[in-house]
Each structure stands twice: as structure tokens, then as C-alpha cells.
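Presented below is the structure to which this report refers.
Atom set for the values below is all heavy atoms of this structure, side chains included, hydrogens, waters and symmetry mates excluded.
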Amino acid sequence: MTPPDSKSINILQIEDEHHFAKLVATRLEREDERFSVRTETDPYDALDVLYEDDSAVDCIVSDYEMPDLDGLEVLDRVRETHSDLPFILFTGNGSEEIASDAISAGVTDYLQKETGTDQYRVLANRIQNAVEAYWTERYLNRGLEAIETAQEGISILNDEGYIEYANTACADLFGYDREELLGQHWETLYQDEDVDHVYDTLLPAARDGQWHGTTSFVRKDGTQIDVEHTLSYTDDNSLICTLTPRSDDAEAVDLSAKEKAMDEAPIGVLLTDPHQDDNPIIYANDEFTDLTGYEKHEIIGRNCRFLQGEATDDEPVETLREAIDNREPVTTELRNYRKDGTEFWNRVRIAPLFDDDGDLDLFVGFQDDVTDRKRYEQQLQSHSARLDALFEHSPDMFAVHDIDGVIQDVNQRLCTELGYTEDELLGRKVWDIDPTADSDQASSFWKTLEPNTPQRFEGKLERKDGSTFPIEIHLIRLNLDGEDRFVAMDRDISDQKQRERELVQQNERLDRFTSVVSHDLRNPLQLAKGNLELLREDCESDHLDDLGDALDRMDALIDDLLALAQAGEEALDCEPVQLESLAQACWNSLPTKDATLSIETDQTVTADRDQLHQLLTNLFQNAVEHGGSNVTVTLGAMDDGFYVADDGSGFSSTDSTAVLEAGYTTADDGTGFGLTIVEEVVDRHNWTITATSSADGGARFEITT
């Protein structure tokens, strides 16, 4: 792989506006001569380019709102096969929700389209950073993967001789956990009499270039192992050690790995010897001692029955005995006792181990504490009477069916709603009354359900007269009297679905409006601004400034229209909000020139913080724009709310009735929507707003909460 910073950067741009895409490509290639931009206006064509030759794409820059697939849907498809490929969402339709969804889906960066040429410099910089980080990560990961998967043991020591890195093969070779090996000095791996030889011969030879030979090491358990050994130094004085086991040591290393696996198993593991009297335990791992409370010296040499007690049932004990006598694997559950006398339910699995000649060698046993599950099963049984009453008298519809979909039980509510008698429903299949259920898919789904784990989804029920209605289904898989059963609680959601349809229609209207404003208007506007900047570079004209002012006016109008749409679309999240601190934050975010803010209230109001921020910002901005550069703006309290007033020129009685209407403005560069947004926020909170004159002759807006 070519190292980072040494090749061109291939960018795949996905943008449905052809002219704007051409502008972006031109600007990016001017920003960095390494950039090579390929543009696709159809998202599906762009995905085909990636799938056909992913090595030809170093970064994807995608618009958000496009026909057929939006930017997040493209991102989802890219991440299915390219989890780390840089993907930058470059969109004109920006919002916190889109940004949050993009981050959750794994976007590399998120950039909102703006006016002017600075945005292309920012975009180019983010592409460069993302791609170089991507190249570096791949380059390093390949090297690390090669080291981690190497069969040879590899370690790195610092200039004082302490181990800073060791791969898995190295740790296994010495019989340590990797974490135990890190920080060890190399002297601990040698016999005392060999240490001087390493200092006098091996290390000087390694400094001269390389040392290679056979070395005897001491493993963690004290045994000795001979390996082919290579030493060399790096420029920063780190010592690289490569270790290759000799063939006669391979079996010992493999056996050590198996013992280590049993020692660290998350369940209790025992080995018993059937060739000794009473089949005694000859090995127990740490998990078994934790499970039972016994020390290993108290376990070794005893038969497993020492865990049994007065409440241990005879049946599972007999099952274990017969399996051992017949040299067969078996699984059962029984009550056992810890050393301190406490009971626990033990899930025991035993299997015979045979040697290469087929003769019985050992028995291995696995022990799991399943007390919590057993206790839960007992609780279910104790609640069965109450569940029966709930089932029969619930206002919801209940049906119980088996794994084949055959209805085994129903409550009266279901019979009443569907118009059947109980006898008419029992024995029918689920898909006979639920037209959305498919027999093959339903059966496959039921088989995968975890017991005692509720699932929620939607479907339909069909009445005896053929009419249908939507339902919400809560399904749970239970063991009822030893039978595998599926209990479905159905709830009529006809009213909810009607409300959802109305809400979808409302949101679709808002989405269409937002699409027109943010995409169909902003993209041509950005294209015009971009080409205006190119035109400024190519020629001079007094008309260019007038054209720029007109485009800025259109951009401000679009911003206000989007803010107005979002104020009516977002759900309220009300909380106590301290007016003084919020107002100061709003004021600090505005270009207030010589204007002054006077806060004369310490009120706390219950409101949506973000929308109240928008309300105050718009009122402050209106005061500054219309009241003059040195205007004083006052935020004060009323008995039933608060007010924002200024000492500017104010407005006439005619203005005070029209000032909150959409599109009304007295400023040459105003949009007429700033105060309309204020009124929308007020309405959403069920407040009222009144425009009047202040005591100083300026404007005063009173908000009654």
C-alpha cells in the first residue's frame, strides 16, 4: 500500500444539481492540486462506481436531499461494505436532526452549504484531513495485523530492557498472559547464569547490525524452552526480538495454551479420572472454585457428589450416574450446595474423552450457576393464577398459539371484537384472523424468539364479516405447563393510525415547503453566488456589488423562511429556563455595535429552550436593526409574563397592528419574517404577544405566559 501523503486524492462527488456540482468540482481542484473529482448526479450510479473499483475512491462528498436516495441512505449503503471510507455530507438542508442521524450512521464529517468561497476552502481542508487519517490508519493497521497474526513471537523492548509490546505468539511461547508479560525485564526470562552472556555477546552484536542464534528461555511455570532467536535495534534504540519455537517444543506450547484456555474459561471446568476408584476429580479451574467456595486442595481427589445435599433430587443424580456408566454425554440440572451451605441450581454437562485408540481417557464436566433462571421460572408459576384472571378480564384481546400457529386459547374480548365464539376460534391458524401474517415467515420468526422476551410489532385482525382493523401486538414466548406457547396481546389502534395519517400529511406539506426553500431555491442561489465570485475574479463592474447585495437579501429571506418552518415543525421540549442567562447568550451572539442590553428580571419561565432562544434573538435583532446603532434594549418582567422594549423610534399605531404579519418590514434589507417567527414560537407555547410603544417612545413587545 502507498504510504500517506504520496498520491493523488480521488473524490467521488454525489450532487443532483449538475451546474452546482461543476462549480464545487472546479473550486476543490483549485484548492488542492492533488484533488481529482468525479461527479455523479444519480446516487445509484455513484454506488456502482464504488462497487466496481473501491480503490479508485478515497473520499465521498454527498448532497443530502436527492431523488430516489437521500444522503443518509447513500451513507448506509456505503457503510455496509466500506466501514472506514471517508464520507462527508455537504448539504444545503441542514438541521440538528440530520446532523445527529448522520453521526449515528457513521459519517466522517458534516458540512452545511453556505455562501461565498470560504466554504470550498473548508471543504477541501476537511477532505484532506479525512483522507490522510484514513490512509494512515490503513497503513498502520496492515503492519500491526501482520505482526499480531505472525506465527513467530515478536516483542519490542525499550532502551532499559523492559518489554513494551508482545504479540500473542510471544506471550503463548513464554506461558504468560500478554498483560503479564508487558513491563517485564528481559532478565526474568533467562537463567541467572546466562544474563552476563546476553550483556557481553548478544546485545553488542545486535547493535552492530543483528544477532541470530539459539537461546534457552525460562517460561512462567519454570520450564525451559529453546527457540531460534533474532535481535536487532531500531533508530530510537528499541530492541526488536523475533522468536521461533523449535519443533520439539511445539507440543509443549500447544498443551500450555489448552491448559490456559481451561483456566480462564467463564464456567466451571472439571476433569475426572474413571480409572481410579470412585472417579475422582483431578483438575478444577478457578471458576469452579469461585462457584462452589471450595479451594482446589479441598476438591482434588473427591467425587463430584460432595456438592449434593438434602434437597438434591434423586432423578438428575441417577441420570448423571447412568451416563457415566454408559460412557455417554449428558446434560441435567440439580440442586447443589456451596461450602458455606447455600443452595444453587447447577447446570451440569458431562462428556467422555477418548484417546487415539478409542479407549476412555477422562471425563470433562462443565458447571453453570442457573439459580436466577430457576428462580424466575418459579416466579412465573406462582403468578399463573393472577395471569389467568388478567387474561380473561383484560380490555385487550389475547390469543395463545403454538409454534405451528394453531390457536390454543383466547379471551372473551377477542371473541367479541371479531364476532366469533370461542369454539369457532380455537384450532384456527393465526393467519386465518391476521391477514398480514405469512405462514412460512411467521413460523421462522417464532422459532427465533428468545423465551420470556417481549416483542412489539403491528398487524391487522379480520372480523367474521370480513372487515379489518389495525392492531398493536405484544408477543412473548413462554413455557406454559411444559408446552412452548406464544401469548399475543392485541390492542386496537385505529384511532392512533388515523392521527398518524393526519400527522404524516401535515409533515409532508412541511417537508415540501422546506424542500422548495432549502433545495430548489438555495442550490440555484448558491450556484449564482459561486459564479458571481468567479466573475469577480475575471472582470470588474459596478453592477457586481448590486448583484451580490440582491443575492444576500435572497439568502437571508431563505434563512428566515426555514426558521419559520422549523419553528412550527419541531416538537416542544419544555423545561424551566432562566431568562437572564439565556438573554445574555442571545445578545452575545448578535452584531450589536454600540447597542446596550439592560436585563431587569430574574424570572424563570417554563419553555422550550431552543425556541425561546430564537424568540429573544429575533426580538433583540429587530430592536438593533430598527432602533439605531446606540439603542438600549430592555428585558423586563410583567405580572403575567415578560417584555422586550427599546428606546428607538418605535412605530405608529398602524405599524403595531401589522408588525407581526408575515412579510411586513420597514427596513430596506429586512425579510419581514423575523417577528412572524416570534409569533409562531409564542403560539406554540400557548402564550400571547402584543406590540405597543415603550415608555421611551420605542417599540415594546409584551409576552404573556
Side-chain angles (χ1 to χ4, degrees), residues 313 315 332-333 345 370-504:
D313 294 334
E315 184 177 346
T332 190
E333 294 177 359
W345 277 95
V370 293
T371 305
D372 289 341
R373 179 173 61 79
K374 279 290 187 180
R375 186 179 296 117
Y376 183 70
E377 291 173 356
Q378 292 168 357
Q379 289 173 349
L380 286 179
Q381 293 174 0
S382 68
H383 294 327
S384 61
R386 279 176 286 175
L387 289 174
D388 287 343
L390 175 64
F391 178 84
E392 195 56 43
H393 302 292
S394 172
D396 293 311
M397 298 167 283
F398 276 91
V400 181
H401 63 83
D402 62 18
I403 192 70
D404 298 318
V406 178
I407 299 174
Q408 304 291 329
D409 199 2
V410 294
N411 70 346
Q412 185 56 46
R413 180 70 175 182
L414 182 66
C415 298
T416 302
E417 290 293 332
L418 299 188
Y420 290 100
T421 66
E422 182 177 343
D423 290 340
E424 288 175 320
L425 286 175
L426 297 182
R428 285 178 177 265
K429 298 292 185 72
V430 170
W431 35 90
D432 292 337
I433 60 172
D434 183 353
T436 64
D438 178 86
S439 57
D440 293 332
Q441 293 182 358
S443 296
S444 300
F445 170 68
W446 295 330
K447 290 177 182 178
T448 63
L449 280 183
E450 290 290 333
N452 309 316
T453 305
Q455 300 287 330
R456 177 190 172 279
F457 48 93
E458 294 183 0
K460 288 184 179 180
L461 284 180
E462 183 176 319
R463 300 184 180 94
K464 190 174 183 179
D465 62 9
S467 61
T468 63
F469 58 97
I471 57 171
E472 179 181 82
I473 305 168
H474 293 263
L475 184 68
I476 187 169
R477 184 176 188 171
L478 298 175
N479 185 305
L480 300 180
D481 298 327
E483 299 289 345
D484 198 19
R485 291 290 183 262
F486 300 83
V487 180
M489 184 191 76
D490 302 334
R491 181 168 297 170
D492 188 342
I493 55 172
S494 300
D495 292 342
Q496 174 186 328
K497 285 297 180 183
Q498 177 62 30
R499 291 193 298 271
E500 289 177 357
R501 286 192 292 270
E502 293 172 355
L503 183 60
V504 167

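Atom CZ of R491 and atom CG of L461 lie 13.5 Å apart (nearest 0.5 Å). For the atom pair CG of L414 and CE of M489, the computed distance is 12.5 Å after rounding to the nearest 0.5 Å. One finds the CD atom of E472 at 9.0 Å from the NZ atom of K497 (value rounded to the nearest 0.5 Å). Distance check: D396 CG to N411 CG gives 8.5 Å after rounding to the nearest 0.5 Å. Atoms NE2 and CG, from H401 and D484 in turn, are 10.0 Å apart once rounded to the nearest 0.5 Å. Taking CG of D490 as the start and CZ of F469 as the end, the distance is 8.0 Å to the nearest 0.5 Å.
Side-chain contact between C415 and V410: present, with at least one pair of heavy atoms (C-beta onward) separated by less than 4.5 Å. Counting only heavy atoms from C-beta outward, the side chains of T453 and I476 never approach each other to under 4.5 Å. Residues L475 and V487 form no side-chain contact, since every pair of their non-hydrogen atoms from C-beta on lies 4.5 Å or further apart. D438 is not listed as a side-chain neighbour of W431, based on a closest heavy-atom distance of 4.5 Å or more. Put simply, the side chain of H474 does not reach to within 4.5 Å of the side chain of P454, judged on heavy atoms. Within the 4.5 Å cutoff, side-chain heavy atoms of M397 are placed close to those of I471.
At most 12 non-hydrogen atoms from other residues, nucleotides or ligands lie less than 6.0 angstrom from NZ of K460.
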Practice problem: Apply the test side-chain contact (heavy atoms from CB on, under 4.5 Å) to residues L449 and Q455: give CA-CA distance (whole Å), side-chain angles for both, the deciding distance (0.1 Å), then the verdict. | Solution: CA-CA 8 Å; L449 280 183; Q455 300 287 330; 3.3 Å; yes

Exercise. Start with the C-alpha gap between L426 and Q408, add the side-chain angles, then the distance that decides, and say whether side-chain contact (heavy atoms from CB on, under 4.5 Å) holds.
Key: CA-CA 6 Å; L426 297 182; Q408 304 291 329; 5.9 Å; no

Quiz item: Can V430 and W446 be said to form a side-chain contact (heavy atoms from CB on, under 4.5 Å), step by step?
Solution: CA-CA 12 Å; V430 170; W446 295 330; 4.0 Å; yes

Practice problem: With side chain to side chain donor-acceptor pair (under 3.5 Å) as the test, would you mind laying out the steps for D423 and T421 before giving the verdict? | Solution: CA-CA 5 Å; D423 290 340; T421 66; 5.4 Å; no

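A salt bridge links E333 with R373: the closest approach of a Lys/Arg side-chain nitrogen to an acidic carboxylate oxygen falls below 4.0 angstrom. Under 4.0 Å is where a charged nitrogen must lie from a carboxylate oxygen, and between K429 and D432 no such pair does.
Among the candidates D409, I403, D402, L478, the single residue satisfying the side chain to side chain contact (heavy atoms under 4.5 Å, CB included) test with R485 is D402.
Between L418 and E462, the shortest heavy-atom distance links the atoms CD2-O, 3.8 Å.
Looking at R499 and Q496, their side chains never bring a donor and an acceptor atom within 3.5 Å of each other. For the residue pair D492 and S494, a side-chain donor N or O sits within less than 3.5 Å of a side-chain acceptor on the partner.
Between the T416 side chain and the Q412 main chain, a donor and an acceptor come within less than 3.5 Å of each other. The main-chain N or O of P395 is found under 3.5 Å from a side-chain atom of R413 such that the two form a donor-acceptor pair. With hydrogens and angles disregarded, a donor-acceptor distance shorter than 3.5 Å links the side chain of D465 to the backbone of S467. Between the side chain of T371 and the backbone N or O of W345, at least one donor-acceptor pair lies under 3.5 Å.
Listed by chain and number, the residues in a ring-ring contact (aromatic ring centres under 6.0 Å, His included) with F445 are F457 (sequence neighbours excluded).
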